[in-house]
Amino acid sequence: MTLPRQFAQIPRFRLLYPDPSPIHPLQALTTSLTTNNQTPRVSLYAKREDHSSPLACAGNKYRKLEYLIPDILNPTPPTPNSAINGGATAPGKVTTLVTEGAVQSNHTIQVASVAQRLGLVCVVILHKGTSGGLAAARDKDAFLRVGNVQVAKLLGAEVRVLEPSPQEKNTDPVIDTLDELGAHGKVPYWIPSGASLHPLGGLGYARAAFEIAAQEERASQDGDLGGSGRYDYIFVACGSGSTVGGLIAGFKLLEKSSQTQAHPPRKIIGILNSPTMPCSYHEERVLRFARMAGGLIGLDPEKDITMDDVCLDDRFTGTAYGVLDPESKQYLNMMAQKEGVILDPVYTAKIVRGLVHWVQQGELGRDWAQRATTTHSGQVNALFIHTGGQSALPAYADIV
Ligand SMILES: *Cc1c(COP(=O)(O)O)cnc(C)c1O
């Protein structure tokens with residue numbers, strides 16, 4: 001896989017395996033969704049970001065963190081924004097990574113494991129108020145102890161579980177923690193939720209776009225990928241937003257530098273997993289993150305990336321963040337029992353539900369018919385990105 005020069009020059013600290021995370025067909029799911037004379041024929045695949053790294057409980061955050069580490073090891077001087085968007089919040093050699101998430105956050109354990117890898121201390125702030133999962137859990141005590149909470153502790157992180165803060169309270173627990181660490185002579189480095197606000201947070205998935213393109217080429221040569229020879233649709237979770245944003249930027253750069261315009265551009269569909277904020281909030285963020293990454297890798301952010309590139313679907317969020325609705329649960333079970341693939345209850349179960357809906361209801365077919373060139377109109381390839389998260393399952397022990 002080769003990256004364009006400007007992109008290739010951005011420093012990256014490898015956390016992933018040298019080989020790309022595998023892509024495999026979802027045979028049983030494809031068969032179950034294919035009706036005889038359906039056009040176009042849809043073939044489904046999964047890219048296993050849950051098998052991307054030897055570090056604990058692999059998931060999509062490692063890919064993002066690869067591009068943050070050079071800045072952790074050799075930090076740019078702190079600015080007032082560092083305590084919001086991320087970065088070192090005091091001058092000197094970083095001693096402590098600080099991050100936050102919901103109680104069963106996957107992001108925080110990936111940060112904890114990176115801290116381990118770098119020989120740094122990790123402080124994890126878990127917000128009881130963020131997780132609908134906690135409110136819905138029958139065994140709240142277990143929800144606060146098992147799954148990712150246990151893993152974070154095993155990884156040596158200092159876990160601080162915070163009560164929901166009353167509206168009138170003016171203090172910010174993150175700022176308080178950063179200040180406290182500073183007062184004790186530590187040099188904290190702040191990594192915001194999902195690393196998405198961080199200026200370098202979108203680069204990992206911009207690089208993933210090039211990895212996917214290289215895998216497409218290989219699979220086409222081997223005769224394993226028909227149709228356009230591409231994953232025409234990519235279904236991925238949209239939580240904090242830089243996974244989708246990074247992919248948009250990366251594929252944009254690929255399209256821009258590719259010689260042939262014989263195929264319609266790949267379409268990235270971000271499936272929202274939380275109804276807390278309106279879709280427009282996420283669209284604005286994803287556009288911002290895509291442009292931020294785009295600017296770094298050689299695109300003209302404003303001109304090359306627009307809202308037309310952002311496609312988010314908010315129909316599959318269920319009732320709350322971190323709560324598995326009965327429909328999504330059906331797909332968690334189905335993927336386990338038909339494919340032998342374990343999804344997670346917070347993100348990927350909702351994505352597979354969305355993917356199945358797009359295929360079953362003919363939405364994908366209609367979209368493709370509008371955009372496809374006649375050569376490839378009969379067959380379409382869709383890729384589901386499995387972003388990990390299974391380590392939260394013990395906290396959802398009632399789900400079977
Ligand atoms: C964090 C996470 C996501 C969402 O990724 P964002 O970049 O925050 O949108 C999806 N799936 C899993 C399993 C995650 O942990």
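Note that the structure is a prediction, hence the values are computed from the model and not measured. Counting starts at 1 for both ligands and their atoms, following the listed order.
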Is any side-chain heavy atom of S240 less than 4.5 Å from a side-chain heavy atom of K64? yes
If only side-chain N and O atoms count, and only distance matters, is there a donor-acceptor pair under 3.5 Å linking [Y] with [X]?
X: Y281; Y: T276; result: no
X: S391; Y: N148; result: yes
X: T387; Y: E49; result: no

Are any of the N/O atoms on [X], whether in the backbone or the side chain, positioned under 3.5 angstrom from an N/O atom of ligand 1?
X: Q110; value: no
X: G389; value: no
X: Y347; value: no
X: G194; value: no
X: T243; value: yes

Can you list the ligand 1 atoms lying under 4.0 Å from a non-hydrogen atom of [X]?
X: K64; value: 6 (P), 7 (O), 8 (O)
X: C238; value: 9 (O)
X: S242; value: 7 (O)
X: G241; value: 6 (P), 7 (O), 8 (O), 9 (O)

With hydrophobic residues grouped by side-chain heavy-atom distances under 4.5 Å, do V103 and I125 end up in a single group? no
Is NZ or CZ of R207 both nearer than 6.0 Å to the six-membered ring centre of F7 and within 45° of the ring axis? no
What protein heavy atom lies closest to [atom]? Include the residue and the distance to one decimal.
atom: atom 2 (C) of ligand 1; answer: K61 NZ, 2.4 Å
atom: atom 5 (O) of ligand 1; answer: N60 ND2, 3.0 Å
atom: atom 11 (N) of ligand 1; answer: T387 OG1, 2.6 Å
atom: atom 8 (O) of ligand 1; answer: S240 OG, 2.5 Å
atom: atom 9 (O) of ligand 1; answer: G239 N, 2.7 Å

For the ring pair F13 and Y67, is the centre-to-centre distance below 6.0 Å? no
Which heavy-atom pair separates P91 from P78 by the least distance, and what is that distance? N-CG, 3.8 Å
Looking only at non-hydrogen atoms, which of G388, A58, G59 approaches atom 13 (C) of ligand 1 most closely? G388
Only residue of L343, V356, V236 satisfying side chain to side chain contact (heavy atoms under 4.5 Å, CB included) with F384 is L343
Parallel, tilted or perpendicular: which one describes the rings of W358 and Y233, with boundaries at 30° and 60°? tilted
